[in-house]
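Scroll down for the structure; my scribbles are underneath it.
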Amino acid sequence: MLSKALKLQETSSFIVEWIKSPLVTASVIPSSTRLAKKMVQGLSPDSEQVIELGPGTGVFTNQLLAAGIKEEALVLVELNNKFAGKLRKKYPQATVINGAAEALPRLQLKKANAVVSGLPLLSMRDKQIDAILKGVFDVMQPGGVLVQFTYGYSSPIKKHLLQQHGLVAQRNSFVLNNFPPASVYHITKK
Ligand SMILES: C[S@@+](CC[C@H](N)C(=O)[O-])C[C@H]1O[C@@H](n2cnc3c(N)ncnc32)[C@H](O)[C@@H]1O
């Protein structure tokens with residue numbers, strides 16, 4: 001379990017990054033542990049590769065490890081260089097990429113069992129989401145799942161984008177104990 005001091009430190013670094021860039025950081029504080037547990041529910045501990053997009057301070061990463069997924073099986077793609085630097089120190093055996101999720105096709109990664117996303121899709125344009133979805137499902141093993149949370153009331157990915165990519169989005173859970181409350185969606189190929 002994270003010590004109170006470390007948790008406080010991570011929360012304050014999140015607030016600082018949110019002040020600098022509110023649309024990209026997209027949340028004032030990190031997600032709750034309750035939401036993080038729901039984000040990793042059902043993922044196999046034997047996963048050979050799990051990609052996390054927008055890990056921030058690593059709340060979901062901690063739960064991926066707690067679920068038994070090996071640190072060396074994790075690829076963390078984080079745009080913010082402060083967060084990326086901290087993730088490298090915290091998870092030395094994971095592959096940490098300081099870059100945009102849109103760049104996935106250029107990273108030449110091996111196929112992933114799952115992609116867990118903390119990306120702020122609600123503040124992104126369709127074109128950007130389109131590029132991210134293409135990259136995500138190109139790097140995904142058949143049958144793999146994209147796990148995405150949203151503060152919105154419906155699917156974080158609009159209907160026309162789901163159709164365009166041949167995807168289905170299913171609400172897996174709702175977490176009240178998060179600021180703000182959030183829903184977890186599983187997005188898969190039809
Ligand atoms: C809402 S925060 C979620 C952080 C963490 N997963 C959590 O739930 O506490 C969004 C994160 O996505 C990162 N981010 C935003 N746009 C990104 C992009 N295009 N590619 C990679 N990371 C991005 C932000 O820097 C931030 O760390």
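Just follow the structure's listing: the first ligand is 1, and inside any ligand the first atom is 1. What you are looking at is a predicted structure, and each value in this text was computed from that prediction instead of being measured.
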* Asked: In ligand 1, which numbered atoms sit nearer than 4.0 Å to a non-hydrogen atom of Val77?
  -> 21 (C), 22 (N)
* To do: Starting from atom 3 (C) of ligand 1, locate the nearest protein heavy atom and write down its residue, its atom name and how far away it is, to 0.1 Å.
  => Gly118 O, 3.5 Å
* Quick one: which ligand 1 atoms are inside 4.0 Å of a heavy atom on Phe83? -> 27 (O)
* Nearest neighbour in protein (non-hydrogen) for atom 13 (C) of ligand 1 -> Glu78 OE2, 3.5 Å
* **Distance-only side-chain donor-acceptor flag, Glu17 / Thr25, under 3.5 Å** => no
* Record the part of Glu17 in heavy-atom contact with ligand 1 below 4.0 Å; permitted values are side chain, backbone, both and neither. => neither
* Asn80: numbered ligand 1 atoms lying under 4.0 Å from its heavy atoms -> 25 (O)
* Structure fact -> Heavy atoms of Val28 and Ile15 approach each other most closely as O-CG1, 3.4 Å
* Asked: Got the closest protein heavy atom to atom 4 (C) of ligand 1, with its distance?
  -> Gly54 O, 3.4 Å
* To do: Using only heavy-atom distances, determine whether the side chains of Gln41 and Ser173 contain a donor-acceptor pair under 3.5 Å.
  => no
* **Under 3.5 Å side-chain donor-acceptor pair for Asp130 and Gln164** => yes
* **Region of Thr25 engaging ligand 1 - heavy atom pairs below 4.0 Å** => backbone
* Asked: Can a non-hydrogen atom of Leu53 be found less than 4.0 Å from any atom of ligand 1?
  -> no
* Can you name the one residue among Lys158, Met124, His165 that meets side chain to side chain contact (heavy atoms under 4.5 Å, CB included) with Ile129? -> Met124
* Structure fact -> ligand 1 atoms nearer than 4.0 angstrom to some heavy atom of Pro30 are 9 (O)
* To do: Quick one: look up the protein heavy atom nearest atom 5 (C) of ligand 1 and list residue, atom name and how far away it is.
  => Pro55 O, 3.4 Å
* Structure fact -> Taking only non-hydrogen atoms of Pro120 and a 4.0 Å limit, the atoms of ligand 1 in range are 12 (O), 15 (C), 16 (N)
* Asked: For Gln9, does its backbone N or O pair with a side-chain atom of Ser12 as donor and acceptor, under 3.5 Å?
  -> yes
* Structure fact -> Under 4.0 Å from one or more heavy atoms of Phe60, ligand 1 contributes atoms 6 (N), 8 (O)
* Distance to 0.1 Å, residue and atom name: give those for the protein heavy atom nearest to atom 15 (C) of ligand 1. => Val24 O, 3.3 Å
* Asked: To the nearest 0.1 Å, how far is atom 17 (C) of ligand 1 from its closest protein heavy atom, and which atom is that?
  -> Leu119 CD2, 3.5 Å
* Any donor-acceptor pair under 3.5 Å linking the side chain of Ser47 with the backbone of Gln49? -> no
* Asked: What is the nearest protein non-hydrogen atom to atom 19 (N) of ligand 1, stated with its residue, atom name and distance?
  -> Glu102 OE1, 3.1 Å
* To do: Please confirm whether Tyr151 comes within less than 3.5 Å of ligand 1 when only nitrogen or oxygen atoms on both sides are compared.
  => no
* To do: Before accepting this row, confirm whether a basic side-chain N of the pair Glu78/Lys86 lies closer than 4.0 Å to the acidic partner's carboxylate O.
  => no
* Asked: Taking all atoms of both residues into account, what is the closest heavy-atom pair of Lys82 and Asn80, and its distance?
  -> N-OD1, 2.8 Å
* To do: Please confirm whether the backbone N or O of Leu6 pairs with a side-chain atom of Ser3, one donor and one acceptor, at under 3.5 Å?
  => yes
* Asked: Out of curiosity, Leu122 CG to Thr150 OG1, how far, rounded to the nearest 0.5 Å?
  -> 4.0 Å
* Return yes or no for this condition: an N or O of Thr57 is under 3.5 Å from an N or O of ligand 1. => no
* Minimum non-hydrogen distance to atom 22 (N) of ligand 1, winning option of Leu79, Leu87, Leu121 -> Leu79
* Taking N or O atoms only and a 3.5 Å limit, does Ala101 qualify as a polar contact for ligand 1? -> yes
* To do: Please verify whether a non-hydrogen atom of Gly99 lies at under 4.0 Å from ligand 1.
  => yes
* Evaluate the criterion ring-ring contact (aromatic ring centres under 6.0 Å, His included) for residue pair Tyr153 and Tyr151; output intermediate values, then yes/no. => CA-CA 7 Å; Tyr153 295 108; Tyr151 304 132; over 10 Å; no
* With rounding to the nearest 0.5 Å, note down the distance linking CD in Gln148 to OG in Ser155. => 9.0 Å
* Applying side-chain contact (heavy atoms from CB on, under 4.5 Å), run through Phe60 and Ser31 and close with a yes or a no. => CA-CA 8 Å; Phe60 299 163; Ser31 295; 3.7 Å; yes
* **Close-contact set for ligand 1 against Ser31 heavy atoms, below 4.0 Å** => 7 (C), 8 (O), 9 (O)
* Output the list of atoms in ligand 1 that are nearer than 4.0 Å to some heavy atom of Ala100, sorted by atom number. => 20 (N)
